[in-house]
Undergrad: 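Here's a structure for you.
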Amino acid sequence: MSMLSFMGALEIGLIFALVALGVWISFRVLDFPDLTADGSFPLGGAVAAVLIVSGCNPWLACVAAMLAGAAAGFVTGWLNVRLGILQLLASILTMIALYSINLRIMGAPNVPLLGEPTVFSHFVGETDAYWVQPLVLAGIVLVVKLLLDWFFASQMGLALRATGANPRMARAQGVSTGRVVLGGMALSNGLIALGGALYVQTQGGADVSMGLGTIVIGLAAVIIGETLIPSRTLFIITLATIVGAVLYRLFIALALEADFIGLKAQDLNLITALLVALALVLPRLKAKWRKPVKAAKSAGGGQP
């Protein structure tokens, strides 16, 4: 893999690290199967792109994108908590509705950003964008990770974790689980929308179909991170999620550049499906591999 390809994969991986953190909050912390990501990711991109084209500061556009994504997550949570719609169905309804909303926001299937200022404009020169942009993204991801670590160590964060682990016990402790779910879903999709806002600024435009498969990528990143870096410590868990997202994109880049395999750009969805399947199977294979090792160690330890 060339250095240019590596930095490109790292750049996209860092963007999807934000998506993976959002997916981790909904799936792992709240235990809420949420497919809203496929709509909130392009929503963040659409809001950011339209605002930037209108002359808005790119950083403010990212904040607006986060708020829009948070609103989408709030709607999904509201459909479930207040109207009693099943979690998965509530997220599907929001995701479908967001497709039309994103088209309304953009006014067209795509919005180009060529020549427009971005959050990277003040940092990159004419020839160093390929390594400066990943560096800026790494800084953003690090700040988000540290803020999440701080939040989940706070009283509100502990209430969110308790709600996902055992809602009945959380209610017995006086936690308003309904409000916590609404806040957690808003936080989750706000991070995903932030990823979408940064994505369009690296790709030179927003497209209404760019969210296809976002949830699959986020889940794959979470599972890969959990498998490679298992831990019960929050700091390590969020770090593993980020590492999983970066490794996922590197695996994709390696697969596409492996000439002897014969894969091409149109095989991206096939590669994604295979990687996700492998990520889902890895924990089971790892557990099966550990059993004989433990048994051998026990047998060896029992000998005089």
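FYI, the numbering just counts along the sequence from 1.
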Undergrad: With heavy-atom distances below 4.5 Å as the criterion, would you say the side chains of Phe27 and Leu219 are in contact?
TA: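 Heavy-atom side-chain distance check passes, below 4.5 Å.
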Undergrad: Please determine whether side chain to side chain contact (heavy atoms under 4.5 Å, CB included) holds for the pair Phe151 and Met156, giving the CA-CA distance in whole Å, both sets of side-chain angles, and the decisive distance to 0.1 Å.
TA: CA-CA 7 Å; Phe151 170 75; Met156 188 177 300; 3.9 Å; yes
Undergrad: Closest heavy-atom contact between Ala46 and Met106?
TA: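 Reported closest heavy-atom pair: CB-CG, 3.5 Å.
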Undergrad: Any side-chain heavy atom of Leu198 sitting closer than 4.5 Å to one from Cys62?
TA: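 A side-chain contact exists here, since the closest heavy-atom pair is under 4.5 Å.
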Undergrad: Dump the intermediate steps for side chain to side chain contact (heavy atoms under 4.5 Å, CB included) on Val19 and Tyr199, then the final yes or no.
TA: CA-CA 11 Å; Val19 175; Tyr199 182 80; over 6 Å; no
Undergrad: Compare all side-chain heavy atoms of Gln203 with those of Ile12 and state whether any distance is below 4.5 angstrom.
TA: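 Yes, their side chains come closer than 4.5 Å.
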Undergrad: State whether Arg249 and Glu11 are salt-bridged, where the test is any N-O pair (Lys NZ or Arg NE/NH1/NH2 against Asp/Glu carboxylate O) under 4.0 Å.
TA: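 Between Glu11 and Arg249 there is no salt bridge, as every charged N stays at least 4.0 Å from the carboxylate O atoms.
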Undergrad: Begin with the C-alpha distance, continue with both residues' side-chain angles, and end with the deciding distance and a verdict on side chain to side chain contact (heavy atoms under 4.5 Å, CB included) for Val111 and Val53.
TA: CA-CA 8 Å; Val111 175; Val53 169; 3.8 Å; yes
Undergrad: With distance as the sole test, does Asp38 use its side chain to make a donor-acceptor pair with the main-chain N or O of Ile215 at under 3.5 Å?
TA: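 A pair under 3.5 Å: yes.
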Undergrad: Under the salt bridge (Lys or Arg N to Asp or Glu O under 4.0 Å) rule, what pairs show up with a residue in residues 67-88, not counting sequence neighbours?
TA: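 Counting only pairs at least two positions apart or across chains, no salt bridge (Lys or Arg N to Asp or Glu O under 4.0 Å) contact touches residues 67-88.
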Undergrad: Is it the case that Thr163 and Thr177 place a side-chain donor and acceptor less than 3.5 Å from each other?
TA: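 No pair is found: no donor N or O on one side chain lies under 3.5 Å from an acceptor on the other.
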Undergrad: Might you work through the ring pair (Phe, Tyr, Trp, His ring centres under 6.0 Å) test for Trp24 and Phe152, ending with a clear yes or no?
TA: CA-CA 13 Å; Trp24 171 75; Phe152 282 111; 5.5 Å; yes
Undergrad: Could you check if a side-chain atom of Val200 sits within less than 4.5 angstrom of a side-chain atom of Met210, using non-hydrogen atoms only?
TA: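 With C-beta onward as the side chain, the pair touches.
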Undergrad: Would you check if the side chain of Ser188 reaches a backbone N or O of Gly22 as a donor-acceptor pair within less than 3.5 Å?
TA: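 Yes; judged by distance alone, with no hydrogens or angles, the pair exists.
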Undergrad: Apply side-chain hydrogen bond (donor to acceptor under 3.5 Å, both in side chains) to Thr76 and Thr36, showing your working.
TA: CA-CA 7 Å; Thr76 298; Thr36 313; 2.8 Å; yes
Undergrad: Within the 4.5 Å heavy-atom criterion, are Leu137 and Phe120 side-chain neighbours or not?
TA: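 Yes - at least one pair of side-chain heavy atoms lies under 4.5 Å apart.
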Undergrad: Is any side-chain heavy atom of Ile192 less than 4.5 Å from a side-chain heavy atom of Val23?
TA: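 Counting from C-beta outward, Ile192 and Val23 do come under 4.5 Å.
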Undergrad: By salt bridge (Lys or Arg N to Asp or Glu O under 4.0 Å), which residues pair with Glu116, not counting sequence neighbours?
TA: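 For Glu116 there are no salt bridge (Lys or Arg N to Asp or Glu O under 4.0 Å) partners, ignoring immediate neighbours.
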Undergrad: Compare every heavy atom of Leu98 with every heavy atom of Ala72, then report the nearest pair and how far apart it is.
TA: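 So the two residues come closest at CB-CD1, 3.9 Å.
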Undergrad: Side chains of Gln87 and Asp34: does their closest heavy-atom pair fall under 4.5 Å?
TA: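 Not in contact.
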Undergrad: Would you list the atom pairs, donor with acceptor, under 3.5 Å between side chains in residues 229-244 and any protein atom, with sequence neighbours excluded?
TA:
{"from": "Ser231", "atom 1": "OG", "to": "Thr233", "atom 2": "N", "distance (Å)": "3.0"}
{"from": "Thr238", "atom 1": "OG1", "to": "Lys145", "atom 2": "NZ", "distance (Å)": "2.6"}
{"from": "Thr238", "atom 1": "OG1", "to": "Asp149", "atom 2": "OD1", "distance (Å)": "3.0"}
{"from": "Thr238", "atom 1": "OG1", "to": "Leu234", "atom 2": "O", "distance (Å)": "3.2"}
{"from": "Thr238", "atom 1": "OG1", "to": "Phe235", "atom 2": "O", "distance (Å)": "3.0"}
{"from": "Thr241", "atom 1": "OG1", "to": "Ile237", "atom 2": "O", "distance (Å)": "3.0"}

Undergrad: Treating Ser100 as the side-chain partner and Ile96 as the backbone partner, does any N or O pair qualify as donor plus acceptor under 3.5 Å?
TA: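 Such a contact is absent between Ser100 side chain and Ile96 backbone.
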Undergrad: Apply side chain to side chain contact (heavy atoms under 4.5 Å, CB included) to Leu89 and Asn80, showing your working.
TA: CA-CA 9 Å; Leu89 182 56; Asn80 170 248; over 6 Å; no
